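Here's the structure, in structure tokens; my notes come after.
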There are 2 protein chains.
Amino acid sequence: MSEFETDTAITPAGHGTYAALVTDRWNAIADRPNGGYLLAIALRAISAELHQPDPLAVSAFFLRPGLNGPATIHTSVVRAGRRISTGEARLEQNGKEIARVVASYTDLGQATGRTELLNAPPDLPAPEDCINPLAGGGLPGVTIADRLELRYAEVPGWFTGRPGNDPRSQFWVRFADGLEADPIALAALVDAAAPAVLDLGVMNSSTIELTVHLRGRPAPGWLACRVSTRHLIDGLHEEDFEIWDSKGNLVAQSRQLGLVTEKG
Amino acid sequence: MSEFETDTAITPAGHGTYAALVTDRWNAIADRPNGGYLLAIALRAISAELHQPDPLAVSAFFLRPGLNGPATIHTSVVRAGRRISTGEARLEQNGKEIARVVASYTDLGQATGRTELLNAPPDLPAPEDCINPLAGGGLPGVTIADRLELRYAEVPGWFTGRPGNDPRSQFWVRFADGLEADPIALAALVDAAAPAVLDLGVMNSSTIELTVHLRGRPAPGWLACRVSTRHLIDGLHEEDFEIWDSKGNLVAQSRQLGLVTEKG
């Protein structure tokens, strides 16, 4: 099993409750698991309760920082429908709720209807012609950086300590161990890269709410990402994220609201 | 009291439960209340349970079409915090859940921190120099059109039966009875205009999930809106919506995932 599958595995504990272990392999800062990783664990539990295979619309409210260690996920079915079903999960650690997740599921393989696009995939050179910003080594404490491979055409300034004041970037991503992403992995990946707002020179950002819309099952291969923050207002910012697969199809679109921490 | 305040009023029924009446004055199509209106009722109930005054991040999953008639809203406090609190509401009609809403609240008047914008308000002529697309009368069954005043610089083609294949537009909006919008009203208004995707010639769209981020308390006056759909994929589309107040500040930003109904 891949690292991601192993580290998001859930064990049924009856009555819609599941146990999981939040490992230290997906930390975004020292000792703090990435929110997208926690979301993936919650989605594994919701998946086990619904008939449809794929998350379609997902909203996660992050209530407290997560921890490395055991977690309990309480799920409930909100509505079981023929085409779309909706479930809810409360992810708890040490008796406190860390994240509240609501998700509607469908069978993305059965989706039919018209397609019209007013947007195009990120305009990136082939991954082998791009730059690996972590070629010189990982980031201290940021273990999630060891689980992913990133390739940039232009590396954002903050990576080298010189924020460029442009919180928009495009890059390739894939799992370092070769796992091909499924829709649950996409829901994690939209939150897996460092926040674009770092290029404004802020120290960090914590997610308040993250919505992911899964727009298709990804083809195998590198995933092209486009991320931007256009409005930082009173310390709060949105981050918009798109993931396009190797065939040039949009497969995930997300927005999160985050609160920045300024450098001390 | 204004129409909006009257029609979103809630009556406590004990233990976090509230009663409301879904009137027929905010119907988006015949006999079907607008989703944003239902969301506003749910937010009134969550507001009554939390200490902070303003919704900040709101996610609503629409499970079944709403009805004109009585509704019951069951609320629970997810987390009561010092700066941010989170609540949940289940809006039920005839014993069936219509909408599941999770919302984090804060005091938007107390928000402090850096502001950096990479976007500008919609570039619209003054409202008095714009076109009222409903000057010739309302739309049959669409009673919400009688509650709002709209002003366009360019009226989308679908308004006159000739879709222009451009699902992007900008317009002014305000309540017809003079009510000045508060953040809960903004959460309704992001869903109150006809979907931009109509300009692709589809018959209608039903919302699966709607996320609203409230970015500030609006100044009095007309509100400038920017709406777009950039990806219709297999019949599913996002709709992005921004509301800017009369002082040129972004006050609400939303995205919804909808499922289109084709004509014929």
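None of these values were measured; they are calculated from a predicted model. Just so we're on the same page: letters track the sequence lines, and every chain starts at 1.
Checked against side-chain contact (heavy atoms from CB on, under 4.5 Å), B/Glu116 has the following partners two or more places apart in sequence or in another chain: A/Leu200, A/Leu232, B/Arg114.
Looking only at distances, no side-chain donor or acceptor of B/Thr211 sits under 3.5 Å from a matching main-chain atom of A/Thr211.
Heavy-atom distances place both the backbone and the side chain of B/Gln253 under 4.5 Å from chain A. Both the backbone and the side chain of A/Val202 come within contact range of chain B, with heavy atoms under 4.5 Å apart. In this structure, the portions of B/Leu63 lying under 4.5 Å from any heavy atom of chain A include both its backbone and its side chain. Neither the backbone nor the side chain of A/Thr261 comes within less than 4.5 Å of any heavy atom in chain B.
Highest contact tally toward chain B, considering only A/Glu209, A/Glu262, A/His231, is held by A/His231 [criterion: heavy-atom pairs under 4.5 Å]. In terms of non-hydrogen atom pairs under 4.5 Å with chain A, the most contact-rich of B/Asn249, B/Asn165, B/Leu236, B/Val102 is B/Val102. Across A/Ala103, A/Gly113, A/Ala111, the residue that shares the most heavy-atom pairs under 4.5 angstrom with chain B is A/Gly113. Between chain B and the residues A/Lys96, A/Arg168, A/Arg90, the most heavy-atom pairs under 4.5 angstrom are made by A/Arg168.
When side chains are defined from C-beta on, A/His213 does not count as touching B/Gln256, because their heavy atoms never get closer than 4.5 Å. Proximity of A/Arg215 to B/Leu257: side-chain heavy atoms (C-beta onward) are separated by under 4.5 Å at one or more points. For the pair A/Leu118 and B/Thr229, the minimum side-chain heavy-atom distance is 4.5 Å or more. Using a 4.5 Å heavy-atom cutoff, the side chains of B/Arg255 and A/Glu238 are not in contact.
The environment of A/Asn94 atom CG is sparse: at most 12 non-hydrogen atoms of other residues, nucleotides or ligands sit within 6.0 angstrom.
At a heavy-atom cut-off of under 4.5 Å, chain A is reached by B/Leu56, B/Ala57, B/Val58, B/Ser59, B/Phe61 from residues 53-61 of chain B, listed in order of number. Residues from residues 78-88 of chain B that place a non-hydrogen atom less than 4.5 Å from a non-hydrogen atom of chain A comprise B/Val78, B/Arg79, B/Arg83, B/Ile84, B/Thr86, B/Glu88, given in numerical order. Using non-hydrogen atoms only and a strict 4.5 Å limit, no part of residues 181-195 of chain A faces chain B.
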With side chain to side chain contact (heavy atoms under 4.5 Å, CB included) as the test, would you mind laying out the steps for A/Leu117 and B/Ile233 before giving the verdict?
CA-CA 8 Å; A/Leu117 294 179; B/Ile233 302 176; 3.9 Å; yes

